[in-house]
Amino acid sequence: MIKDLGIYIHIPFCVSKCLYCDFFSLPADSGTKNAYIDALCRQTESAAGEVRDGYRVVSVFFGGGTPSILEAGMLMKVLDCVRANFVMAEDCETTVECNPGTVDAVKLGIYRQSGVNRLSFGLQSADDSELRALGRIHTFRDFLESYEAARKSGFDNINVDLMSALPGQTLKSWSRTLKTVAALRPEHISAYSLIIEDGTPLAEAVSADRQALFLPDEETEREMYYLTGEYLEAAGYGHYEISNYARPGRECRHNIIYWKRGDYIGFGAGASSFLNEKRYAAAKDILGYIEAPAKAFGEPETLTASDSMAEFMFLGMRMLCGVKRSDFRQNFGRQLDNVYGEVINKYVRSGHIIDDGETVRLNRTGIDVSNYIFADFI
């Protein structure tokens, strides 16, 4: 039986690091970038012999970092290596994350001609003052120019990342961002609430004086979330995951692999993989990776049955379609209610979970406290 496989390719290079970012990224010179691309190709070739058979690649995702700061030919060299070493689905979703201002007509044209069929722009806000508060180096005009260039290059599947609960953001300014972006009619919108991660410059600023940053309070943040769903659904976007909205048929195939615990392999320093109930995590060490990319996967972590079932529930319930009892039974050979019946009944009684007999899913109030619910499944 042929199984679907997702491939993630980590490009850890950025012009500068945003104040809220805790992803593995850093600046690098051209020599390091070229050596890293060569290492990606070597890792792709070495890994293919172990995982190629029995799989077909249904998604390729270049993430970072900022993949689009590299010359287009560098990314496409890696994509060519993937194609040469793996069986590819004819309709493979191939995404490149782009920061506004880092792509132009020439670069986008090369992407398109090379088979990239989806772009993901990290806009975050249509308000330049909010962008500055995050340490973003682009303006809304930069985004608009990049977005229009992508459309002219023939891209008909574009995601725009947005972020709410930003320093200085109000319900009114968030509404303007939603309306401005929805008017451009991207196929997909990811709308996340800002999370202040430990160790970031933003976390240090909050620790020094939270009030000085004018962060929205918890109630305003909740109103922003409700507004997002109401506005985007009225604009024709299906709310298919807690923070993701798409026009019909434009849901992100790559992310759905994660949420449904499908198999995926990550190439590059800091990348993660999940294959046959085993997790792998590459070290966040660019020079070490360049020297020995074939060893980047490291030792596997084999998940217990309990770990796997818990992941199945809290990842699956991120999607608004919820978790089917039949899928749980097929994956684990056990009845869902025999394992999690008490937890499910607890939240059905409290009005946070809807159970129709076949599917268990969060409702609107359940989404509000989803982290608490997910913790109960763990």
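The first residue of the sequence shown is numbered 1, and numbering continues consecutively from there.
Side-chain atoms of Tyr55 and Asp263 include a donor-acceptor pair closer than 3.5 Å. Under 3.5 Å, the side chains of Thr365 and Asn363 contain a donor-acceptor pair of N or O atoms. A donor atom on one side chain and an acceptor atom on the other are found under 3.5 Å apart for Gln43 and Tyr289. Under the 3.5 Å distance criterion, with hydrogens and angles disregarded, a donor-acceptor pair is assigned to the side chains of Asp217 and Thr220. Residues Glu97 and Thr66 have side chains that never bring a donor and an acceptor to within less than 3.5 angstrom of each other. For the residue pair Trp174 / Thr228, a side-chain donor-acceptor distance below 3.5 Å is found, with atom types taken as modelled. Between the side chains of Asn244 and Ser190, a donor-acceptor pair is found at a separation under 3.5 Å. Between Tyr8 and His10, the side chains place a donor N or O and an acceptor N or O closer than 3.5 Å (distance only, hydrogens not considered). A side-chain donor-acceptor contact under 3.5 Å links Asp307 and Thr304. Looking only at atom types and distance, the side chain of Tyr111 has no donor-acceptor partner in the side chain of Asn117 under 3.5 Å away.
Salt bridge status for Arg253 with Asp91: present, with a side-chain N to carboxylate O gap under 4.0 Å. Contact check on Glu130 versus Arg176 returns no salt bridge, with no Lys/Arg side-chain nitrogen under 4.0 Å from an Asp/Glu carboxylate oxygen. Of the charged side-chain nitrogens involved, none lies within less than 4.0 Å of a carboxylate oxygen, so that Asp356 and Arg325 do not count as a salt-bridged pair. A salt bridge between Glu71 and Lys33 is absent, with no side-chain N of the basic residue lying under 4.0 Å from a carboxylate O of the acidic one.
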Any chance you could lay out the ring pair (Phe, Tyr, Trp, His ring centres under 6.0 Å) test for Tyr245 and Tyr240, step after step, and finish with the verdict? CA-CA 6 Å; Tyr245 305 80; Tyr240 74 100; 8.1 Å; no

Residues Tyr340, Phe377; criterion ring pair (Phe, Tyr, Trp, His ring centres under 6.0 Å); working and verdict: CA-CA 7 Å; Tyr340 293 115; Phe377 283 105; 5.2 Å; yes

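In this structure, Tyr372 places its OH atom where only 12 or fewer heavy-atom neighbours from other residues, nucleotides or ligands lie under 6.0 Å away. Counting non-hydrogen atoms of other residues, nucleotides and ligands closer than 6.0 Å to CZ of Arg361 gives a total of 12 or fewer. Annotation: Glu291, atom CD; neighbour count of heavy atoms from other residues, nucleotides and ligands within 6.0 Å does not exceed 12. For Ile354, the CD1 atom is densely surrounded, since the number of other residues' heavy atoms within 6.0 Å is greater than 12. Residue-environment remark: CZ (Arg222) exceeds the threshold of 12 foreign heavy atoms within 6.0 Å. Summarising the local packing, CZ of Arg279 is surrounded by more than 12 heavy atoms from other residues, nucleotides or ligands at distances under 6.0 Å.
A cation-pi contact, defined as under 6.0 Å to the ring centre and within 45° of the axis, links Arg112 to Phe155.
Residue Glu187 forms a salt bridge (Lys or Arg N to Asp or Glu O under 4.0 Å) with just one option from Arg247, Arg118, Arg151, and that option is Arg151. Among His254, Arg261, Lys260, the one residue that satisfies the side chain to side chain donor-acceptor pair (under 3.5 Å) test with Tyr258 is His254.
Of all heavy-atom pairs spanning Asp127 and Thr177, the tightest one is N-OG1, 4.2 Å. Nearest heavy atoms, Gly266 versus Ala271: C-CB, 3.6 Å. Cys98 approaches Ser68 most closely through the heavy-atom pair CA-OG, 3.3 Å.
Centroid-to-centroid, the aromatic rings of Phe274 and Tyr280 stay 6.0 Å apart or farther.
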